Amino acid sequence: SKSSLRNLRDELQDAVEKSHIPGCVIVVAEKGEIKWAEAFGSRQLHPTQEEMTLDIVFDLASLTKVVATLPTILHLIDEGLLYLDSCLKEYFEELGDSPIGDITIAHLLTHTSGLPARTFLKQYGDSKNEMIAGILTCPLDYEIGTTVSYSNRGFILLGEVVEKISGMSLFEYVQTHIWNSLDMRETLFTPSDHDYVLRVAPTEYREDMQSCLKGTVHDENAASLGGIAGHAGVFSTANDLVCFCEMIMNKGSYKGKRIVSEPLITQSMHNHTKLLNEARGLGWDFFSTSLRENEILGHLGFTGTSLWFDPIKEMYCIFLTNRVHPSRESLHIRTIRLSVLDKVFNG
């Protein structure tokens with residue numbers, strides 16, 4: 001309702017004034033129409049203060065999983081180049097008869113692979129090959145398919161599978177087959193282009209660099225993999241994410257163009273882990289509001305980014321903050337997100 005969005009507006013203003021977040025951008029849409037789009041506060045506090053605007057570029061962190069990796073995997077399935085029940089041993093011969101070889105694409109997408117939740121990849125060496133080898137030889141934490149345990153490692157492997165099948169990097173594939181078709185011209189991995197970087201909201205202050213990260217991925221594992229990875233690394237704007245959300249809400253089509261087949265998008269939004277400890281779709285997480293349980297689909301990113309969909313009301317919300325600027329110590333993001341969820345989807 002209008003009044004709950006007005007209350008939310010006051011709360012976001014308040015969160016900025018109390019320095020709980022530097023600033024944010026919010027977009028709420030219903031039935032294909034944008035109802036509210038606004039920027040609050042600052043995109044940068046150090047070394048100088050700069051205003052937040054609607055065209056600011058954010059480090060999406062784990063939203064990469066649903067904005068890049070998920071549609072790419074679904075596209076490969078549509079092309080007949082991959083199946084949800086394809087096993088890792090088909091792509092990584094070095095697995096031999098290791099149990100890890102039996103993990104399927106569906107297990108990776110639903111976080112039921114049993115791969116460890118800890119991601120620290122530097123322990124395996126400095127090269128990408130050493131890191132991937134480390135992931136493939138590290139023992140599983142759980143028996144495959146028995147437990148939902150959120151794992152970046154699984155999505156890193158999905159990115160590798162894309163490369164092995166297509167001969168393209170995840171960035172090349174998703175840009176060619178997904179983002180370009182969606183008019184998402186400002187969504188990139190490794191954004192070094194001068195004009196673009198000027199609009200990036202900085203993230204954390206780094207002692208070793210004596211400055212805040214700006215245009216370099218915040219996630220350490222994605223950075224050590226060269227900035228292009230299946231779990232993190234994408235930068236984008238609210239405007240581009242609107243195009244992505246429209247495609248999801250239209251079950252895989254955008255402005256009359258078919259991007260991903262309807263059955264696959266629908267399947268991705270089902271709860272695939274009903275009998276397990278947590279609800280998960282393919283790539284998607286489920287969220288509850290104070291009045292509704294597990295009816296909202298979406299994903300969060302560590303840097304302070306969020307995407308949520310309500311298929312019943314045909315609504316979505318894009319909520320972008322750089323809450324790790326200038327430090328990750330801010331603990332308010334959880335409360336703010338819960339409030340956004342409640343006021344947007346219960347309103």
Side-chain angles (χ1 to χ4, degrees), residues 60-95 98 100-119 121 128-129 131-138 140-141 144-145 148-179 187 189 217 219 221-222 224-234 244 248 259-260 264-265 267-269 272-273 280-285 299 301:
L60 295 186
S62 278
L63 291 195
T64 298
K65 294 179 174 76
V66 291
V67 172
T69 311
L70 175 64
T72 298
I73 293 291
L74 298 181
H75 191 272
L76 286 167
I77 294 172
D78 276 333
E79 296 290 305
L81 298 170
L82 182 66
Y83 300 92
L84 280 173
D85 56 5
S86 300
C87 292
L88 283 181
K89 60 184 169 214
E90 298 170 42
Y91 306 101
F92 301 96
E93 284 132 35
E94 64 268 35
L95 282 169
S98 154
I100 292 175
D102 293 330
I103 293 171
T104 66
I105 299 301
H107 289 133
L108 296 174
L109 287 171
T110 54
H111 296 280
T112 54
S113 65
L115 288 163
R118 307 169 303 286
T119 318
L121 298 185
K128 184 174 172 178
N129 287 347
M131 292 177 203
I132 300 301
I135 294 175
L136 293 172
T137 49
C138 182
L140 295 175
D141 273 1
I144 299 168
V148 176
S149 178
Y150 184 78
S151 170
N152 283 319
R153 292 168 179 242
F155 272 75
I156 291 168
L157 291 181
L158 286 168
E160 288 301 292
V161 168
V162 171
E163 254 177 64
K164 284 181 182 278
I165 293 174
S166 68
M168 299 163 94
S169 73
L170 175 61
F171 184 12
E172 291 169 308
Y173 194 97
V174 71
Q175 200 169 37
T176 308
H177 295 286
I178 310 290
W179 296 341
T187 304
F189 285 93
V217 60
D219 180 276
N221 295 294
S224 52
L225 289 164
I228 301 173
H231 73 297
V234 172
F244 176 76
I248 297 290
I259 315 291
V260 179
L264 276 182
I265 294 288
Q267 197 179 353
S268 77
M269 297 170 92
H272 288 254
T273 56
R280 282 277 169 183
L282 299 177
W284 298 110
D285 199 354
H299 212 287

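Worth knowing before you read on, the calculation uses all heavy atoms, side chains too, and leaves out hydrogens, waters and symmetry mates. Fair warning: this is a prediction, and the values are worked out from it, not measured in the lab.
Residues N152 and S62 approach most closely at OD1-OG, 4.0 Å, considering heavy atoms. The minimum heavy-atom distance linking Y91 with L82 is given by the pair OH-CD1, 3.2 Å. In this structure, V66 and G283 approach most closely via the heavy-atom pair CG1-O, 3.5 Å. Heavy atoms only, all atoms of each residue included: W284 and L70 are closest at NE1-CD2, 3.5 Å. Taking every heavy atom of both residues into account, C138 and I100 meet most closely at O-CD1, 3.3 Å. Closest non-hydrogen pair, T64 versus A229, comes out as CG2-O, 3.6 Å.
To the nearest 0.5 Å, atoms CD1 (I105) and CG (L88) are separated by 6.0 Å. Atoms CG and OG, on L109 and S268 in that order, are 9.0 Å from each other to the nearest 0.5 Å. In this structure, the separation between OG1 on T69 and CG on L157 is 11.5 Å, given to the nearest 0.5 Å. Between atom CG of residue L136 and atom CG of residue L95 there is a gap of 5.0 Å, rounded to the nearest 0.5 Å. I144 CD1 to T104 OG1: the interatomic distance, rounded to the nearest 0.5 Å, is 8.0 Å.
No side-chain donor-acceptor contact under 3.5 Å links S149 to the backbone of A117.
Proximity of F92 to I132: side-chain heavy atoms (C-beta onward) are separated by under 4.5 Å at one or more points. At least one side-chain heavy atom of I103 sits less than 4.5 Å from a side-chain heavy atom of L140. The shortest side-chain heavy-atom distance between I228 and V217 does not fall under the 4.5 Å cut-off. In this structure the side chain of W179 reaches within 4.5 angstrom of the side chain of V234, judged on heavy atoms. Using a 4.5 Å heavy-atom threshold, the side chains of L74 and Q267 count as separate. Residues V162 and L76 form a side-chain contact, since some pair of their non-hydrogen atoms from C-beta on lies under 4.5 Å apart. By the 4.5 Å heavy-atom criterion applied to side chains, T110 and V148 are not counted as neighbours. Residues L282 and L84 have side chains in contact (heavy-atom distance under 4.5 Å, counting atoms from C-beta outward).
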| said: Run D102 and K89 through side-chain contact (heavy atoms from CB on, under 4.5 Å) and show every step you take. | reply: CA-CA 7 Å; D102 293 330; K89 60 184 169 214; 2.6 Å; yes
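Between the side chains of H75 and T72, not a single donor N or O lies within less than 3.5 Å of an accepting N or O. Side-chain contact, N221 with H231: no donor N or O sits under 3.5 Å from an acceptor N or O.
Salt-bridge check for K128 with E160: passed, with a basic side-chain N closer than 4.0 Å to an acidic carboxylate O.
A side-chain hydrogen bond (donor to acceptor under 3.5 Å, both in side chains) with Y150 is found for exactly one of H111, R280, K65, namely K65.
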